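For reference, the structure is listed below as structure tokens.
Ligands are counted one by one from 1 in listed order, and the atoms in each one are counted from 1 as well. Remember, predicted model here, so these are calculated numbers, not experimental data.
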Amino acid sequence: MTPDTGLFLVLEGPEGSGKTTQAGRLEDWLVARGLSVLRVREPGGTEAGEEIRRVLLHSGDLTPRAELLLMESARAVLVEERIRPALARGQVVLADRFALSSMAYQGIGRGLGLDEVRALNAFATAGLEPDLTIVLLVPPAVGERRRTARGAPDRIERAGDDFHRRVAEAYELLARQEPGVALLDGRDPPAAVHAAILRLLHERFAETFPPGKG
Ligand code: T5A
């Protein structure tokens, strides 16, 4: 990481895997080290993206292809308006979901195919890829239990047990086969998951986060 390249970190995983919880902890840790952080979520993170999020999560039926194209539209705006400028300013960008979500949910969960989604991801992001994507994996039953504690499910959360099982399996597969993706056990307590994330950062970015320095 240099002042003009920034660092792009993504937290991924199935519903209720603890991404938002860990994004908060990681943001605090980065800020305490004097780094400037831009935290975003997908779908969303821009004015247009939040409108698209509302359609995606709260409208009536959408076809899988329409769902994918809306995800990619929101991503395209987010990358161009917020992520690339932040990286150019040398900030750490911390994203709650990114392109791997489309591969897991639409590519495998909805059955649209990984090659098709990969091509659309590349188009929407104009080739921007994270420096590291961390997948927090929990079995669907654990994610569902955590989620129901929070209230009524949205359109994608209502997609059914088979869909969510495919998504969880997809994350496990993608974490093993995609470059720049690391897999962590999201069932561990929040403090243990946070510690595992820090270990990954020390390993992968030893110059920016020297081991033994907190
Ligand atoms: N989507 C998104 C696609 O289909 N394709 C795409 O390309 C993209 C970008 C987005 C939806 O859109 C889909 C995926 C989603 O369905 P979202 O807001 O990101 O929606 O939805 P979720 O991932 O479902 O977000 P959640 O907030 O439900 O899950 P998180 O962020 O993973 O979990 P978090 O941190 O909010 O925690 C949930 C609960 O669990 C507890 C927390 O306190 C909280 O109560 N918790 C833990 N409990 C025990 N142990 C731990 N380690 C815990 N960590 C958190």
Atom CD of E80: over 12 foreign heavy atoms under 6.0 Å: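 No - once you tally the heavy atoms of other residues, nucleotides and ligands closer than 6.0 Å, there are 12 at most.
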Greater than 12 external heavy atoms within 6.0 Å of E50's CD: yes
Distance-only polar pair, side chains of E12 and T133, donor-acceptor under 3.5 Å: no
Y171-R166 side chain donor-acceptor pair, cut-off 3.5 Å: no
Proximity to ligand 1 by part of M71, non-hydrogen separation under 4.0 Å: side chain
Part of R97 with heavy atoms under 4.0 Å of ligand 1, whether side chain, backbone, both or neither: side chain
Winner among E157, R187, R146 once heavy atoms are compared against atom 53 (C) of ligand 1: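 Ranked by closest heavy atom to atom 53 (C) of ligand 1, first place is R146.
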Min N/O separation Y105 to ligand 1 under 3.5 Å: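 In this structure, Y105 places no N or O atom under 3.5 Å from an N or O of ligand 1.
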Atom 45 (O) of ligand 1: any protein heavy atom closer than 4.0 Å: no
Any protein heavy atom nearer than 4.0 Å to atom 51 (C) of ligand 1: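 For atom 51 (C) of ligand 1 the answer is yes, since some protein heavy atom falls inside 4.0 Å.
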For L62 against E67, the heavy-atom pair lying closest together: CD1-CA, 4.5 Å
Working for side-chain hydrogen bond (donor to acceptor under 3.5 Å, both in side chains), residues S17 and R146: CA-CA 8 Å; S17 56; R146 290 182 188 169; over 6 Å; no
Tell me which protein heavy atom sits closest to [atom], plus the residue, atom name and distance to 0.1 Å.
{"atom": "atom 28 (O) of ligand 1", "value": "R150 NH1, 2.9 Å"}
{"atom": "atom 4 (O) of ligand 1", "value": "Q106 NE2, 2.9 Å"}
{"atom": "atom 17 (P) of ligand 1", "value": "R53 NH2, 3.7 Å"}

H164 (side chain) donor-acceptor with P140 (main chain) under 3.5 angstrom: no
